[in-house]
Amino acid sequence: QVQLVESGGGLVQAGDSLRLSCAASGRTFLTATMAWFRQDPGKERDFVATIHPSGGSTDYADSVKGRFTISRDSAKNTGYLQMNSLKPEDTAVYYCAARRGLLLKRGEWEYDYWGQGTQVTVSS
């Protein structure tokens, strides 16, 4: 079992940076693929980025590639999403997710564990 708690969201201006954290409980996280998704009210939850348990492989949505960086610290049982050059269209609730298995997946149905989400608002 894995429990995930996100933090680090907030209100920023366009062009600013934020770093989201995802604190995990349970040893399963060490062997779990981790991902970030985001969701606007009334819209579907969209894939943002994912990272292999080893940290050696990552995948990003085209909309964030080159601006966002996903990482993880196994010693701290924590995942991160560094968000640079933020745009108003990045405004959403950001969710951390984890799945059993080693393959990088983009579908939310592939993930077994979810955090409660953290709000990111980017003003123009």
Side-chain angles (χ1 to χ4, degrees):
Q1 193 75 5
V2 177
Q3 291 185 324
L4 305 172
V5 179
E6 303 96 333
S7 62
L11 172 63
V12 297
Q13 293 187 329
D16 286 350
S17 298
L18 271 178
R19 187 176 81 158
L20 305 183
S21 298
C22 175
S25 63
R27 295 184 62 184
T28 306
F29 183 74
L30 297 177
T31 57
T33 300
M34 197 199 85
W36 289 92
F37 289 78
R38 64 187 183 186
Q39 186 172 26
D40 276 339
K43 296 185 179 180
E44 294 183 352
R45 194 174 300 185
D46 293 330
F47 167 78
V48 175
T50 184
I51 186 167
H52 189 270
S54 70
S57 296
T58 57
D59 184 30
Y60 295 91
D62 288 345
S63 59
V64 306
K65 198 172 295 184
R67 299 188 298 123
F68 290 11
T69 302
I70 189 171
S71 62
R72 62 193 298 165
D73 185 333
S74 297
K76 297 182 178 180
N77 233 24
T78 301
Y80 303 97
L81 184 68
Q82 177 67 43
M83 306 185 294
N84 298 330
S85 302
L86 282 162
K87 305 175 181 180
E89 50 264 44
D90 294 318
T91 295
V93 176
Y94 283 71
Y95 295 90
C96 174
R99 64 179 296 273
R100 297 180 294 267
L102 303 180
L103 297 179
L104 302 183
K105 299 289 188 181
R106 293 189 170 200
E108 62 172 311
W109 60 89
E110 303 276 6
Y111 288 81
D112 306 298
Y113 308 103
W114 291 86
Q116 82 291 347
T118 185
Q119 177 71 47
V120 172
T121 303
V122 184
S123 64
S124 58

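Numbers here are sequence positions counted from 1. Computed from a predicted structure; not experimentally measured.
Here the shortest heavy-atom pairing between Phe29 and Gly79 reads CZ-N, 4.3 Å. Minimum interatomic distance between Met83 and Leu20 (heavy atoms only, all atoms of both residues): CE-CG, 3.7 Å. Between Pro53 and Thr33 the shortest heavy-atom distance is CD-OG1, 3.6 Å. Minimum interatomic distance between Leu18 and Gly8 (heavy atoms only, all atoms of both residues): CD2-O, 3.6 Å. Taking every heavy atom of both residues into account, Ser21 and Trp36 meet most closely at O-CH2, 3.6 Å.
Comment: Arg67 engages Asp90 in a salt bridge, judged by a side-chain N to carboxylate O separation of less than 4.0 angstrom. Salt bridge annotation for Arg38-Asp46: absent, with no cationic side-chain nitrogen under 4.0 angstrom from a carboxylate oxygen.
Hydrophobic clustering, with ILVMFWY side chains joined whenever heavy atoms are under 4.5 angstrom apart, groups Val93 together with Phe47. By the rule that hydrophobic residues join a cluster once side-chain heavy atoms approach within less than 4.5 Å of another member, Tyr111 and Leu81 end up as members of separate clusters. Ile70 and Tyr95 sit in two unconnected hydrophobic clusters of ILVMFWY residues. Membership requires side-chain heavy atoms under 4.5 Å apart, directly or through other members. Taken together through direct or relayed side-chain contacts under 4.5 Å among Ile, Leu, Val, Met, Phe, Trp and Tyr, Leu104 and Tyr113 form parts of separate hydrophobic clusters.
Asp112 places a side-chain N or O within 3.5 Å of a backbone atom of Arg100 that can act as its donor or acceptor partner. At least one donor-acceptor pair closer than 3.5 Å links the side chain of Glu6 to the backbone N or O of Cys96.
To the nearest 0.5 angstrom, Ser123 atom OG is 8.0 Å from Asp16 atom CG. Separation of atoms NE2 (His52) and OG (Ser57) is listed at 6.0 Å; rounding is to 0.5 Å. Note that CD of Glu110 and NZ of Lys105 are 5.0 Å apart. Values are rounded to the nearest 0.5 Å. With values rounded to the nearest 0.5 angstrom, Ser124 atom OG is found 9.0 Å from Gln13 atom CD.
One side chain, Ser17 or Asn84, offers a donor N or O that lies under 3.5 Å from an acceptor on the other.
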request  = Please lay out, stage by stage, how Gln119 and Thr121 fare under the test side-chain hydrogen bond (donor to acceptor under 3.5 Å, both in side chains).
outcome  = CA-CA 6 Å; Gln119 177 71 47; Thr121 303; 3.3 Å; yes

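Listed by first then second residue, pairs satisfying side chain to side chain donor-acceptor pair (under 3.5 Å) with a partner in residues 68-80 number zero, not counting sequence neighbours.
In this structure, Lys87 and Val122 have side chains that are not in contact, with every pair of non-hydrogen atoms separated by 4.5 Å or more. You'll find the side chain of Thr50 stays beyond 4.5 Å of the side chain of Thr58, heavy atoms only.
If you run ring pair (Phe, Tyr, Trp, His ring centres under 6.0 Å) between Trp114 and each of Tyr94, Trp109, Phe37, only Phe37 comes through.
For Lys43, the NZ atom is loosely surrounded, since the number of other residues' heavy atoms within 6.0 Å does not exceed 12.
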